[in-house]
Amino acid sequence: MKINSREDILKLLASWVECGWLRELDRALVTFLAKEAPDAHPLLLLATALTSYQLGRGHVCLDLQATLADSAFSLSLPPDGDHSDGAISRPSAVLDDLSLEEWMAALVNPQLVGSGDGNSPLVLAGHRLYLRRYWQYEQNVREAIEQRLSRTQLNALPAESLRASLDALFPQAGNAGQVNWQKLACGLAAGSAFSIITGGPGTGKTTTVVRLLALLQALALEENGQPLRIRLAAPTGKAAARLNESVAGAVSRLDLHALNNSDAVRDSINTDVVTLHRLLGSRPDTRHFRHHAGNPLMLDVLVVDEASMVDLEMMAALLAALPQNARLILLGDKDQLASVEAGALLSELCQRATSGHYLPQTRDWLQSVTGEEIPDALVDPAGTAMDQAVVMLRHSYRFDAQSGIGQLAEAVNDGDVKALKQVWKQGYADLAQLTLNADDDTELRDWVINGAAGRFPAAQSRKGVEPPVGYRHYLNVMTHERPADDAPPEAFSAWAAKVLLAYSQFQLLCALRGGRWGVEGLNLRIAEILFKDGLLKASVGWFPGRPVLVTRNDYSQRLMNGDIGITLEIPHRLADGSVVSVLRVAFLTGDGTQDTRWVMPGRLQAVETVFAMTVHKSQGSEFTHTALLLPENLSPILTRELIYTGITRARHWFSLGCMGGINAVLPEAVQRRVLRASGLIN
């Protein structure tokens, strides 16, 4: 289809909005720019709409070349099946027979499109088209990282002190032929102004960072007599609370007796973790923060956990607020889902991590200060500065060769369909699969109530591991272990903590939000199933046992996006001395303790029921038994990264369910990757 006029494109975009192929926001931007620049070519207006649309899907820019090569994959349009009635041109039809040269020629409009200088609303860099703000974010992030990489001088560190401290923190000799990547990560990060420690579940990222903090403080105390100002942060409240608890526990167990000033080192390790928004000082109703280049953070070292969830805009703000001489350390799993907002920073920065690409001089220095040998296959004389800043932890302490979860995650991460099918044939004790029925909720009922415990082939053989459970478990704790009405407040707090712990042993995850097999439909159905089974008193409104997920930061209630609470019935004494039952929502305080706090339901303005949650929302969490539900049909959101992230939320048990059986969509989904358009790493 040929677009001949501005009216043609505006009419077409309106039809796409009506079909759900485009957001109203995308069309509004085009309408505004068309009024500002009446001479704008129709193909420029089309490119603007698609650039805005791609931004909403997490892409920093529109890759014109990739879009023309495979528009169906690049744009994922339409998102939910074919809504076309024949009278509306599909996006792919509009792009047919359009060449890259023709499209780029149509973008020549100095009023709307620039190369970076000036203030044009769009920026064209090669064959990538950006909204200016996101082009600027990308430039700022690249320049800030390059500036820190240029400051890294490994040989400037006191090698003898570093070697002694590392040996004190890692006293155990590794297995023959097995590299201690945790020790290497600490050595590299200690000598770098910017570093990344990446690794899958159970590889010891938290253990590594706690020893790294001890190392940095030991070196600082020895050299200057003063500890470093270290801050810990995470993208969400849930991730911050989890890191807080993990770090606090790891510090208390850390053996520092071989270090000089061991007591001072332990006392100087900060275990307080905050969200990035709180660290930077978010301002209500604005994109700006209290801390920025003109008012930098007061710190020497910043550690950011779950860095895969950090989007481009947040990273730009974070780097701008860092003092020039501060050290930045990012932690995360490069293979997890990227941020909901635009950008896939950790994945991009770690794209060569598996192959190492360490310079010979980096290899030699690391060996001298750690005693560990980097394999020759990971050494590359042409390695980049970024390669020297990344360490990948390669040994899982949680999932061994007998772990079906580990084998399944590896097969998915490799996109290896043959290995994937072989894993299911092995009958691993920690894996189960279900085939769900659209017309019968019998399987779903067994899954959410009992965790489909009978489907695990050898669950009883896993000594020391709690059996797989469903939601019956936490509801039984809620009902049968509730203190008497005259019990003291601390008894109810302990009970609430126990209910929350029991709830965390099982979680149903979904790929989608809408539809019968999405979060919205499932939460209603699961509540009804539990109600009919006598486990809940009600299935709508506020009721005892209702789990809720906080969907927006609420600083007045000290609740962060991602926090989970359970609605409980507790006694309340009236002025006349009588006692009535009231509903309160219990949340863990998130400070590493098992203390709880109570919030009135009416004070929670941004929560949703969470019997089922999306895989995106589960990031930063782990559950004893994780169940993943795949939709019946392929969707653009079904990718290798989503399935890998869902699998790796499981600590001990993982079950997978799908309409028509897991082979209906799983093999094809694991071969599809999240490839976000960006120019951060050229």
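In terms of the ring pair (Phe, Tyr, Trp, His ring centres under 6.0 Å) criterion, H616 has no residue partners (sequence neighbours excluded). With sequence neighbours excluded, the residues satisfying side chain to side chain contact (heavy atoms under 4.5 Å, CB included) with R23 are L25, D26, S52. Partners of A47 according to the side chain to side chain contact (heavy atoms under 4.5 Å, CB included) rule, which considers only residues two or more places apart in sequence or in another chain, are L62, W103, L107, L129. Residues satisfying the side chain to side chain contact (heavy atoms under 4.5 Å, CB included) criterion with T648, sequence neighbours excluded, are P201, A409, Y644. Checked against side chain to side chain donor-acceptor pair (under 3.5 Å), N295 has no partners two or more places apart in sequence or in another chain. When the side chain to side chain contact (heavy atoms under 4.5 Å, CB included) test is applied to L55, the partners found at least two apart in sequence or on another chain are L131, Y134, A342. With sequence neighbours left out, the ring pair (Phe, Tyr, Trp, His ring centres under 6.0 Å) criterion links F623 to no other residue.
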Exercise for the section: Tell me, with the steps shown, if V599 and V550 meet side-chain contact (heavy atoms from CB on, under 4.5 Å). Expected result: CA-CA 12 Å; V599 182; V550 177; over 6 Å; no
Practice task
Take D333 and T645 through the test side-chain contact (heavy atoms from CB on, under 4.5 Å) and record every step on the way to the result.
Solution key: CA-CA 9 Å; D333 186 343; T645 302; over 6 Å; no
Practice task
With side-chain contact (heavy atoms from CB on, under 4.5 Å) as the test, would you mind laying out the steps for L256 and D263 before giving the verdict?
Solution key: CA-CA 8 Å; L256 299 175; D263 290 339; over 6 Å; no
Problem - Chi angles and distances behind the side-chain contact (heavy atoms from CB on, under 4.5 Å) call for L29, T51 - result: CA-CA 10 Å; L29 173 63; T51 301; over 6 Å; no
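The shortest distance between side-chain heavy atoms of F587 and L604 falls below 4.5 Å. A 4.5 Å side-chain heavy-atom check between H257 and S262 finds every atom pair outside the cut-off. When side chains are defined from C-beta on, V251 does not count as touching L213, because their heavy atoms never get closer than 4.5 Å. Considering only heavy atoms from C-beta on, L243 stays 4.5 Å or farther from E306 through its side chain. You'll find the side chain of N180 stays beyond 4.5 Å of the side chain of T370, heavy atoms only. In this structure, L299 and P323 have side chains that are in contact, with non-hydrogen atoms separated by less than 4.5 Å. Contact of the M386 side chain with the R352 side chain is not registered, since no non-hydrogen atoms from C-beta on lie closer than 4.5 Å. A 4.5 Å side-chain heavy-atom check between F194 and E146 finds every atom pair outside the cut-off.
Within the 3.5 Å criterion, the main-chain N or O of T354 finds a donor-acceptor partner in the side chain of R394. Between the T271 side chain and the V247 main chain, no donor and acceptor come within less than 3.5 Å of each other. At distances below 3.5 Å, not a single donor-acceptor pair connects side-chain atoms of S165 with backbone N or O atoms of L162. Proximity of a side-chain donor or acceptor of Q65 to a complementary backbone N or O of G126 within less than 3.5 Å is not detected. Using modelled atom types, no side-chain atom of T596 and backbone atom of A586 make a donor-acceptor pair closer than 3.5 Å. Within the 3.5 Å criterion, the main-chain N or O of Q147 finds no donor-acceptor partner in the side chain of R151.
Counting only N and O atoms by type, the side chains of R133 and Q136 include no donor and acceptor under 3.5 Å apart. Looking only at atom types and distance, the side chain of S120 has a donor-acceptor partner in the side chain of R132 under 3.5 Å away.
Heavy atoms only, all atoms of each residue included: V210 and A250 are closest at CG2-CB, 3.7 Å. Across A214 and L169, no two heavy atoms sit closer than the pair CB-CD2, 4.0 Å. The shortest non-hydrogen separation linking Y358 to M392 is OH-N, 4.5 Å. The nearest pair of heavy atoms linking L212 to A189 is CD2-CB, 3.6 Å. The shortest non-hydrogen separation linking L215 to A190 is CD2-CB, 3.8 Å. Closest approach of V273 and A234 over heavy atoms only: CG1-N, 4.3 Å.
Going from atom CG of N140 over to atom CE of M315 covers 13.0 Å, rounded to the nearest 0.5 Å. Atom CD of Q388 is separated from atom CG of L149 by 9.5 Å, given to the nearest 0.5 angstrom. Considering CG of N413 and CD1 of I647, their distance stands at 9.5 Å, rounded to 0.5 Å. Rounded to the nearest 0.5 Å, atoms CD (E143) and CD1 (I145) are 11.0 Å apart. The structure places CG of N270 at 7.0 Å from CZ of R231, a figure rounded to the nearest 0.5 Å. Interatomic distance, Q619 CD to L509 CG, rounded to the nearest 0.5 Å: 10.5 Å.
Within the structure, salt bridge (Lys or Arg N to Asp or Glu O under 4.0 Å) contacts touching residues 353-368 (residues at least two apart or in different chains) are R363-D376. Residue pairs meeting the side-chain hydrogen bond (donor to acceptor under 3.5 Å, both in side chains) criterion with at least one member in residues 205-214: none, sequence neighbours excluded. Judged as a side-chain hydrogen bond (donor to acceptor under 3.5 Å, both in side chains), the pairs with a partner in residues 182-201 (not counting sequence neighbours) are, in order, D167-K183. Pairs passing the salt bridge (Lys or Arg N to Asp or Glu O under 4.0 Å) check and including a residue from residues 265-282, sequence neighbours excluded, do not occur. Applying the salt bridge (Lys or Arg N to Asp or Glu O under 4.0 Å) rule to pairs touching residues 290-300 yields R229-D300, sequence neighbours excluded.
Heavy atoms of other residues, nucleotides or ligands lying less than 6.0 angstrom from CG of N224 number more than 12. The 12-atom threshold is not exceeded at CZ of R603, counting heavy atoms of other residues, nucleotides or ligands nearer than 6.0 Å. At most 12 non-hydrogen atoms from other residues, nucleotides or ligands lie less than 6.0 angstrom from NE2 of H288.
Of the candidates D380, D387, T384, H357 forms a side chain to side chain donor-acceptor pair (under 3.5 Å) with just one, namely D380. V113 pairs in a side-chain contact (heavy atoms from CB on, under 4.5 Å) with only one of the listed residues (T48, V123, L124), which is L124.
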